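This report refers to the structure that appears directly beneath it.
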Amino acid sequence: MAPKQQAFVTEITPQSEDFSRWYTDVIRRAELADYSPVKGSMVIRPYGYAIWELMQSALDRRFKETGHVNAYFPLFIPESLLRKEAAHVEGFAPEVAWVTRGGDETLEEPLVVRPTSEAIIGTMYSKWIQSWRDLPILINQWANVVRWEKVTRLFLRTTEFLWQEGHTAHETEEEAEAEARRMLGVYKEFLETELAMPVLDGRKTESEKFAGAAHTYSVEALMGDGRALQAGTSHHLGQNFAKVFDITFQARDKSVQHVWQTSWGMTTRLIGAAIMVHGDDSGLILPPRVAPHQVVIVPIPRGDWRTTVLPRAKEIAATLKQAGVRVMLDDREEYKPGWKFSEWEMRGVPLRLEIGPRDIEQQQVLLARRDTREKLTAPMEGLETRVAELLDAVQAALFERAVAFRDGHTLRTTSSDEFRRAFEGRPGFVIAPWCGSADCEAKIKADTQATIRNLAFDLPPATGDCVRCGQAGMTDAWFAKSY
RNA sequence: CGGGGCGUGGCGCAGUCCGGUAGCGCGCCUGCUUUGGGAGCAGGAGGUCCCGAGUUCGAACCUCGGCGCCCCGACCA
């Protein structure tokens, strides 16, 4: 058996050998996505899309709970609208796709395929808002956007991707600020609860903020290879877009004012993040909350199993389904149990339930955890409770494991030597004093490829002098190499 | 867009240096035996060798041009 198992393992490159290759191997073997004939664009396959649907519904529920509603805006944006906000167009111009022809006709005004929807939504808001009584507007849209990136990577960066973008308009600066912060909080809670992914929340530096925003907040997660990944952003747009799109309202004091806006988004990149945070050399490990199949039942075919084991397996599947568990009964006869064990492990199913003639006799089943590979028996009596407990336990263990990994890959230093040496590799996060200048930030990036991921909300006092210039530190910042 | 690598049945690769019958493993199809950690045997199907030009009696292989993918940088969710 041993040589066979080794042969199987070679289908996925070990993480330690080549993390990037491991990542793409897992995606393709687990059938999450595939390359398409369109350059830079991928196909999200049913298993990957099922994960996205679970993320969507978990997020959408939170948006609704916080008073937001969904709408849909056009894919195409006239060039002139995109050009209205100077910083915005400057930031996005290099990566927009253009439509210059419709059928046989050359368009009078070229259209861009939306890279984000501030421009088109701002235009509509100016029509919809007249009075302070029209505010706030709390709209979200689920959509696809296009950004012509030079380098692409499955889920993490593709020319077209799926996301949600919230766009809100408010009466006051304080209200908009509170909204931007609140949605960042929603993101953090979502990631930690649903994806078992610990994140740092904070504010982006000037050089890293969204094109056209007053300021940008982000949540940052640490991947298994020691690189950070921005998992979500929330922008306080100030009145920048309101002024150029003429979004005004008459206030309670009869004066005419510009609205204060926010926008915030999360994308299908999160699927890639979940893969890289939790996966191992055997493949995916999915957090139960977003696993398309939370439990896979593998009946053991022996003797007259079709009349003894199989009916019992179907009963268990029905019971678990009734209890709200996403369960899949793998009763295919063309594959052996051992093959199925490996296959579902590779696909990251959190819990496997084995049932064979021996188990029927003893009124029990065998349960195997994907995360720890621990196997245990459980009586059939009260099985749905036991399964629910175990799914919760896996979810919690994955989060704790990820926290431990992040903490184990977070270095505090005040020494510029140690800082530089750390970034010769991929150390994870490095917390170090920074003077606050964009110049030092840029030099650090040029020297080490590390960037400030974000700054904690309550700026911690610097624990030393700036690791780049040696001047007095303004604060300790979180540095990392990032995706 | 710079540097490097790769493109050959569905997947992973050998063959390319030195031009001469397209191969291997896995997968797939059929049958029998199997089935509690990726089963065995037998038979079988499946290929514009990324695309286009050129050199040659003859090109997967040599030359030129293009396209795509991967890795490392600069840009980004």
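Bear in mind the structure is a predicted one, so any value in this text is a computation, not a measurement. Lettering follows sequence order; numbering is per chain, from 1. The basis for the numbers below is simple: all heavy atoms, side chains too, and nothing from hydrogens, waters or symmetry mates.
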Could you give the [atom1]-to-[atom2] distance, from [X] to [N], as a whole number of Å?
{"X": "A:Lys340", "N": "B:A39", "atom1": "NZ", "atom2": "P", "answer": "12 Å"}
{"X": "A:Glu343", "N": "B:G36", "atom1": "CD", "atom2": "P", "answer": "16 Å"}
{"X": "A:Arg28", "N": "B:C11", "atom1": "CZ", "atom2": "C1'", "answer": "8 Å"}
{"X": "A:Asp25", "N": "B:C26", "atom1": "CG", "atom2": "P", "answer": "19 Å"}
{"X": "A:Asp304", "N": "B:U35", "atom1": "CG", "atom2": "C1'", "answer": "14 Å"}
{"X": "A:Glu334", "N": "B:G27", "atom1": "CD", "atom2": "C1'", "answer": "14 Å"}
{"X": "A:Arg45", "N": "B:C11", "atom1": "CZ", "atom2": "C1'", "answer": "12 Å"}
{"X": "A:Tyr35", "N": "B:C50", "atom1": "OH", "atom2": "P", "answer": "19 Å"}

- Salt bridge between A:Asp280 and A:Arg370, side-chain N to carboxylate O under 4.0 Å?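 Result for this pair is yes, salt bridge flagged.
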
- Between A:Glu333 and A:Arg306, is there a salt bridge with N-O shorter than 4.0 Å?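 So A:Arg306 pairs with A:Glu333 through a salt bridge.
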
Has [X] got a side-chain N or O lying under 4.0 Å from the OP1 or OP2 atom of [N]?
{"X": "A:Arg153", "N": "B:C71", "result": "yes"}
{"X": "A:Lys150", "N": "B:G73", "result": "no"}
{"X": "A:Arg426", "N": "B:C72", "result": "yes"}
{"X": "A:Lys204", "N": "B:C76", "result": "no"}
{"X": "A:Ser20", "N": "B:C71", "result": "yes"}

Under 3.5 Å, is there any donor-acceptor pair linking the side chain of [X] to the base of [N]?
{"X": "A:Gln449", "N": "B:G73", "result": "no"}
{"X": "A:Lys375", "N": "B:G37", "result": "yes"}
{"X": "A:Arg147", "N": "B:C76", "result": "no"}
{"X": "A:Arg352", "N": "B:G37", "result": "yes"}

What contact category does [X] fall into here, base, sugar-phosphate, or nothing, at under 4.0 angstrom with non-hydrogen atoms?
{"X": "A:Leu270", "answer": "nothing"}
{"X": "A:Asp18", "answer": "nothing"}
{"X": "A:Glu354", "answer": "base"}
{"X": "A:Gly303", "answer": "nothing"}
{"X": "A:Thr158", "answer": "base"}
{"X": "A:Arg21", "answer": "sugar-phosphate"}
{"X": "A:Pro301", "answer": "base"}

- Do you see a donor-acceptor pair shorter than 3.5 Å between the side chains of A:Thr205 and A:Glu441?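 Yes.
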
Just name whichever nucleotide pairs with [N], Watson-Crick or G-U, keeping both distances under 3.5 Å, else none.
{"N": "B:U30", "result": "B:A42"}
{"N": "B:C76", "result": "none"}
{"N": "B:C18", "result": "none"}
{"N": "B:G68", "result": "B:C6"}
{"N": "B:G23", "result": "B:C13"}
{"N": "B:C49", "result": "none"}

[N] to [M] separation - [atom1] atoms, rounded to the nearest Å:
{"N": "B:C18", "M": "B:A59", "atom1": "C1'", "answer": "14 Å"}
{"N": "B:C61", "M": "B:C50", "atom1": "P", "answer": "8 Å"}
{"N": "B:C70", "M": "B:U8", "atom1": "P", "answer": "14 Å"}

Can you tell which of [options] lies closest to the side chain of [X]?
{"X": "A:Glu149", "options": "B:C76, B:U35, B:G37", "value": "B:C76"}
{"X": "A:Tyr335", "options": "B:G36, B:C76, B:C28", "value": "B:C28"}
{"X": "A:Arg157", "options": "B:G12, B:C76, B:U35", "value": "B:C76"}

- Item | Atom CH2 of A:Trp163: over 12 foreign heavy atoms under 6.0 Å | yes

- Query: Considering residues, nucleotides and ligands other than A:Arg373, do more than 12 of their heavy atoms fall under 6.0 Å from its CZ?
  - Reply: yes

- Task: Kindly compute the distance separating NE2 (A:His215) from CZ (A:Arg203), expressed to the nearest 0.5 Å.
- Result: 7.0 Å

- Message: Within 45 degrees of the ring normal and closer than 6.0 Å to the centroid, is that where the cationic atom of A:Arg227 sits relative to A:Phe19?
- Response: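 Negative - A:Arg227 is either too far from the ring of A:Phe19 or too far off its axis.
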
- Honestly, is A:Arg347 close enough over A:Trp344, meaning NZ or CZ under 6.0 Å from the six-membered ring centre and within 45° of the axis? yes

